[in-house]
Number of protein chains: 2
Amino acid sequence: MSKQLVVLDTSTGACCEPLTQAALDISQAETLAPMFKALGDPIRLRLLSMITSAEGGEACVCDMTPQFDVSGPTISHHLKVLREAGLIEGDRRGTWVWYRPLPQAMRALAAVLNTPVGAGV
Amino acid sequence: MSKQLVVLDTSTGACCEPLTQAALDISQAETLAPMFKALGDPIRLRLLSMITSAEGGEACVCDMTPQFDVSGPTISHHLKVLREAGLIEGDRRGTWVWYRPLPQAMRALAAVLNTPVGAGV
DNA sequence: CCCTTGTCTAGATGATTTTCGAATCAGCGC
DNA sequence: GCGCTGATTCGAAAATCATCTAGACAAGGG
C-alpha cells in the first residue's frame with residue numbers, strides 16, 4: 001500500500017507543481033488506474049465527496065446511507081471498493097463505522113490531472 | 001457537452017482553489033463519474049498521459065498504438081471512451097488522426113481531488 | 001440472555017466492459 | 001481508378017461489475 005502512494009512522490013504536498021512531465025509508465029498507470037476506477041461511479045464519487053467534506057474530516061456510514069436510493073449492502077460494497085483502492089479508511093466506533101479520506105491518494109490522483117498540457121515540449 | 005464542463009465552473013483556471021467545500025450533488029456526481037471512469041483503465045490512463053505530455057500538446061494515434069500490447073481496434077475503442085467522456089478531442093489530418101486533451105475537463109476533475117480534507121467544518 | 005440496530009459478507013443475476021478478428025471508411029500515391 | 005496504409009466500426013466471446021436478498025457479525029439496552 002505505501003508503495004503505490006510514493007509512485008509519484010506526492011509527499012511534498014504541493015498541489016500546483018506537476019510532479020511529472022513525462023508520460024506515465026506502465027506500473028504507474030496500473031497503480032493509479034484502479035483508484036480512478038473507484039471514482040468512476042456516481043455513488044462512490046458522492047460517498048468520497050461526503051467523506052472529504054464532512055466536518056471533522058470523517059463521516060459515519062449511518063449518515064451517508066440514507067442519502068442514497070440503494071440498499072445498505074450496496075453502500076457497504078461501494079465503501080469497500082473505495083477502501084480497497086486506498087482512497088479511504090474506516091473504523092468501527094461502538095455501533096457505527098466512520099470513514100475518512102487518505103489524502104496522499106487524493107494528491108497522487110490530482111498530480112496526474114494537474115500536469116500541464118504539452119508538458120513534453 | 002459544454003454543459004458538463006461548466007458544472008463546477010472551472011473557467012477561472014485556478015487549480016489550487018477548491019471550488020466547492022460542499023459535497024457534490026447528484027447531478028455533479030453523474031457528470032463527473034463517467035470522466036473518472038474513463039481514467040479507470042491503465043491503457044486509457046497511459047493514452048491520456050501520452051497525449052497531455054506530448055510535444056505540441058497533441059499526439060498521433062500512429063505513435064501511440066505501437067506502445068501497447070493490444071490490437072489497433074482496441075486502442076481505437078479506448079480513445080473513443082476518452083473522447084466520449086469529454087477528456088480529449090481528435091481530428092484527422094491527412095492519413096493520421098491526432099488527439100489533444102480538453103483542459104477544462106482535466107481541471108474539473110482536479111478540482112474535486114484538490115478539495116481539502118474536512119472542508120465542511 | 002435475548003432483542004434491536006448498524007454494518008458487512010455471501011451468493012445470484014442481469015448489465016456493462018474489454019478484447020479480438022473481420023469488415024469498412026479516409027486519404028494518398030501510382 | 002487501384003491499391004496501400006492508418007483508423008474506425010461491427011459483431012461476438014469472456015470477464016467484470018452493480019445490485020439485490022438472505023444471512024452473519026458486532027455492540028448496546030432491556
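Values below: every heavy atom of this structure, side chains too, minus hydrogens, waters and symmetry copies.
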Within the structure, does a side-chain N or O atom of [X] lie under 4.0 Å from either OP1 or OP2 of [N]?
X: A:S76; N: C:dC8; value: yes
X: A:S71; N: D:dC20; value: yes
X: A:Y99; N: C:dC8; value: yes
X: B:R44; N: C:dT18; value: yes
X: A:T74; N: D:dC20; value: yes

Closest contact, heavy atoms only, A:Q28 versus A:A23
OE1-O, 4.4 Å
With a 4.0 Å cut-off, would you call B:E30 and A:R46 a salt bridge?
no
Give [X] one of three labels, base, sugar-phosphate or nothing, depending on what nucleic acid heavy atoms sit under 4.0 Å from its own.
X: A:G94; result: sugar-phosphate
X: A:H77; result: base
X: A:I43; result: sugar-phosphate

When you get a sec, tell me which of [options] is the closest nucleotide to the side chain of [X]?
X: A:T95; options: C:dT7, D:dG28, D:dT8; answer: D:dG28
X: B:K37; options: D:dC17, C:dT16, C:dA22; answer: C:dT16
X: A:C60; options: D:dT19, C:dT7, C:dA22; answer: C:dT7
X: A:R92; options: D:dG6, C:dG21, D:dA27; answer: D:dA27
X: B:V61; options: C:dT7, D:dT8, C:dT9; answer: D:dT8

Measure from [atom1] on [X] to [atom2] on [N] and round the result to the nearest Å.
X: B:H78; N: D:dT8; atom1: NE2; atom2: P; value: 13 Å
X: A:I75; N: D:dT21; atom1: CD1; atom2: P; value: 14 Å
X: A:F68; N: D:dA18; atom1: CZ; atom2: P; value: 14 Å
X: B:I88; N: D:dT8; atom1: CD1; atom2: P; value: 9 Å
X: A:E84; N: D:dT16; atom1: CD; atom2: P; value: 15 Å
X: B:L79; N: D:dT9; atom1: CG; atom2: C1'; value: 14 Å
X: A:K80; N: D:dA18; atom1: NZ; atom2: P; value: 13 Å
X: A:D41; N: C:dT16; atom1: CG; atom2: C1'; value: 12 Å

Starting at the 5' end of DNA chain D, which residue's closest nucleotide do you reach first, B:C62 or A:G40?
B:C62
Any heavy-atom pair between the side chains of A:L102 and A:I88 that's under 4.5 Å?
no
Looking at side-chain heavy atoms only, is the closest gap between B:R83 and B:Y99 below 4.5 Å?
yes
Evaluation steps, side-chain contact (heavy atoms from CB on, under 4.5 Å), between A:F68 and B:I26:
CA-CA 10 Å; A:F68 295 89; B:I26 296 177; over 6 Å; no
For B:D91, does the CG atom sit with more than 12 other heavy atoms under 6.0 Å from it, leaving out its own atoms?
yes
